[in-house]
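Before any comments, here is the structure.
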Amino acid sequence: MSKAHGGFLFGILRRSMEKIHKIGLFDSGLGGLTVLKALEDVLPQVPKIYYGDTLHLPYGDKSDEAIIGYSLRIVEFLRQQGCDVIVIACNSASAAAGAVLEQAFPSLRFVNVIDPVVEALANSNEKKVGLLGTRATVRSEEYPRRLSVLSNTVELVSLPTPLLVPLIEDGFLGSDIAEQVLRHYLNSPSFHGISSIVPGCTHYPLLKELAQKVLKDVRWIDAPEIVAAQVMQWWNSQSRLNQPTEHAGTQFFVSDKTESFMDLAQATFGISATWETAVLS
Ligand code: DGL
């Protein structure tokens, strides 16, 4: 066998022996799909698995203990499906369960949705920023706590906005009711003088247009894109050569499959793939 030939065959053999890496993402429902979409744009060649915990939606109104329990079971499921990178595509779970997950699964690489956004804020010229979040995320104070470690110039005001997730999950996006509720929240006196808004829940990027209609001069921070850019940067630094170069596709799971959820995923994100049910215990 010629040297060139041998090298070629060795390359094929090495590639076939290497593991195909998969990224697992999870959220309580549809929201994490905003992160998946952004990730698809920058890492289409990486196979992904998405899990929506529709049985326990909304996470934002649950206790930390409950969110930790759901998250541990989901990550174990994603690990069994072959994922070695986990994107916690939910702010409530990132805040309540991020540290516990990292401890419980030391062999997995985790990316939460809070740190990349906090880092972007710390490197910005923002003076006063409004954070919209679920009760769980705002209660945790993880955004202001992590920001205070990196910056003492950006002021962050947080507002719990619990009505927004049910409105989105129930298909009221774009309705007058959604506009009224969002207007009510954005007109909160504590938001007076903000220059930007952080959608501190992965469902909220779907409200970008509406929010910009209500607050014309306020910048909307594209959180999913910031998170996806950080995942891509890390991924590329790992020189994972064995990944397919074509679009690799995503598998979709929910804990409770309903027609309305699948219709909404189709209407909002154009996802026509089959959703499989995986109830975790
Ligand atoms: N999308 C999630 C978040 O970022 C959870 C929303 C919910 O289920 O309350 O917090």
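Numbers here are sequence positions counted from 1. In each ligand, atom 1 is the first atom listed, and ligand 1 is the first ligand listed. Here the structure is a predicted model, which means the values were calculated and not measured.
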Side-chain donor/acceptor pairs under 3.5 Å, residues 273-281, sequence neighbours excluded:
none

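Considering only residues two or more places apart in sequence or on other chains, W220 meets the ring pair (Phe, Tyr, Trp, His ring centres under 6.0 Å) condition with none of them.
Among pairs with a residue in residues 98-114, those fulfilling side-chain hydrogen bond (donor to acceptor under 3.5 Å, both in side chains) read N112-D115, at least two apart in sequence or across chains.
Under the 3.5 Å distance criterion, with hydrogens and angles disregarded, no donor-acceptor pair is assigned to the side chains of T202 and T34.
Between E142 and T137, every side-chain heavy-atom pair lies at or beyond the 4.5 Å cut-off.
The protein residues lying under 4.0 angstrom from ligand 1, judged by non-hydrogen atoms, are D27, S28, L57, P58, Y59, G60, C90, N91, S92, T134, V165, C201, T202, H203.
Taking CG from D27 and OG from S92, the interatomic distance works out to 8.0 Å, rounded to the nearest 0.5 Å.
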